[in-house]
Amino acid sequence: DAGITQSPRYKITETGRQVTLMCHQTWSHSYMFWYRQDLGHGLRLIYYSAAADITDKGEVPDGYVVSRSKTENFPLTLESATRSQTSVYFCASSERQGASYEQYFGPGTRLTVT
Amino acid sequence: QQPVQSPQAVILREGEDAVINCSSSKALYSVHWYRQKHGEAPVFLMILLKGGEQKGHEKISASFNEKKQQSSLYLTASQLSYSGTYFCGTSPSPSLSYNTDKLIFGTGTRLQVFP
């Protein structure tokens, strides 16, 4: 199906483990974003990418790594998961420059770190 | 800096109106508005770019006051389907930053509409 998908939708992991959240979009949008959503904080930008092989930090990048070898994929890796990274993670994409064009959000991944 | 949204929560009866405000301490290039229903992803409502243009989307409209660095979302004759959390996202003026790609979201305003 066309659109933006995330996997897995739910994940439980242990402290210290590496976890990778996947994001895939079929629109060939240039821009892709990773947000985390926590009660009281709204949506906070972790990393974003303007094109394949171009990434930049957002507001809360510590503890996360991203890559973008292909336009359609933008995986987010937690190198050593901590309990503070328990959150709902949303991936989003945008056709062009993020501030001028609407962002399309994926369904989210609920991550629990025990 | 995160934009500040007010109020934090609104409770309405069907048919009533509401205004949600979004204020920034920095000069803005654009303001986005999104609505998120419980357990779902945020969905785009509208973008307002520098220029003070007012936009509309069904019975939902918004304004952008550059001088005051704020935007307001107007919901008129609210419907049950309007329930959800509303987020504004702002990007800084190019005069402040070369990078207008990033959106900084507010903490949201929870709107509940009852019959």
Side-chain angles (χ1 to χ4, degrees), chain A residues 3-7 9-10 21 23-25 27 29-51 54-61 66 68 74 87-110, chain B residues 1-6 8-9 20 22 24 26-51 53 55 57 62 64 71 84-110:
Chain A
I4 182 165
T5 57
Q6 294 183 233
S7 61
R9 293 293 313 279
Y10 302 90
L21 309 183
C23 179
H24 175 79
Q25 52 104 354
W27 295 305
H29 282 175
S30 297
Y31 283 77
M32 296 187 75
F33 308 84
W34 273 108
Y35 295 92
R36 60 177 291 173
Q37 185 171 38
D38 307 287
L39 271 175
H41 291 282
L43 292 156
R44 291 183 291 175
L45 182 65
I46 304 171
Y47 270 97
Y48 73 103
S49 168
I54 300 175
T55 62
D56 203 354
K57 296 178 180 179
E59 301 170 79
V60 289
V66 293
R68 195 167 175 208
F74 191 37
S87 185
V88 179
Y89 290 85
F90 286 102
C91 176
S93 72
S94 176
E95 182 181 354
R96 295 180 189 173
Q97 185 183 27
S100 303
Y101 291 83
E102 63 186 277
Q103 295 188 13
Y104 297 86
F105 284 79
T109 294
R110 183 174 294 276
Chain B
Q1 266 90 345
Q2 245 180 338
V4 176
Q5 288 187 233
S6 62
Q8 290 186 316
I20 299 172
C22 174
S24 173
K26 297 187 174 183
L28 298 177
Y29 172 71
S30 71
V31 179
H32 291 217
W33 285 98
Y34 292 78
R35 177 171 62 206
Q36 182 179 30
K37 293 186 180 287
H38 183 68
E40 299 181 6
V43 174
F44 171 80
L45 291 176
M46 64 189 78
I47 293 174
L48 297 104
L49 299 177
K50 186 178 176 181
E53 181 182 356
K55 288 205 167 185
H57 176 76
F64 179 19
S71 176
T85 301
Y86 290 78
F87 292 97
C88 68
T90 60
S91 70
S93 167
S95 64
L96 291 180
S97 167
Y98 72 94
N99 188 341
T100 58
D101 291 347
K102 295 190 283 191
L103 279 182
I104 306 299
F105 283 92
T107 55
T109 295
R110 187 177 178 192

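In what follows, every chain begins at residue 1, and chains take the letters A, B, ... in the order their sequences are listed. Side chains are part of it too, since the values below use all heavy atoms of this structure and drop only hydrogens, waters and symmetry mates.
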(request) Let me know if A/Y104 has heavy atoms under 4.5 Å from chain B in its side chain, its backbone, both or neither. (result) neither

(message) Between B/F105 and B/Y34, is the ring centroid distance below 6.0 Å?
(response) yes

(request) Give, as side chain, backbone, both or neither, the part of A/L45 having an atom under 4.5 angstrom from any heavy atom of chain B. (result) side chain

(request) Hey, could you give me the OH/CZ distance between B/Y29 and B/F64, rounded to the nearest 0.5 Å? (result) 10.0 Å

(request) Ignoring hydrogens and angles, tell me if any N or O in the side chain of A/S93 forms a donor-acceptor pair with the backbone of A/H29 under 3.5 Å. (result) no

(message) Between B/Q5 and chain A, with a heavy-atom cut-off of 4.5 Å, which part of the residue counts as in contact: side chain, backbone, both or neither?
(response) neither

(message) What part of B/Q2 gets within 4.5 angstrom of chain A, counting heavy atoms only: side chain, backbone, both, or neither?
(response) side chain

(request) Assess the pair A/F33 and A/F90: is the distance between their ring centroids shorter than 6.0 Å? (result) no

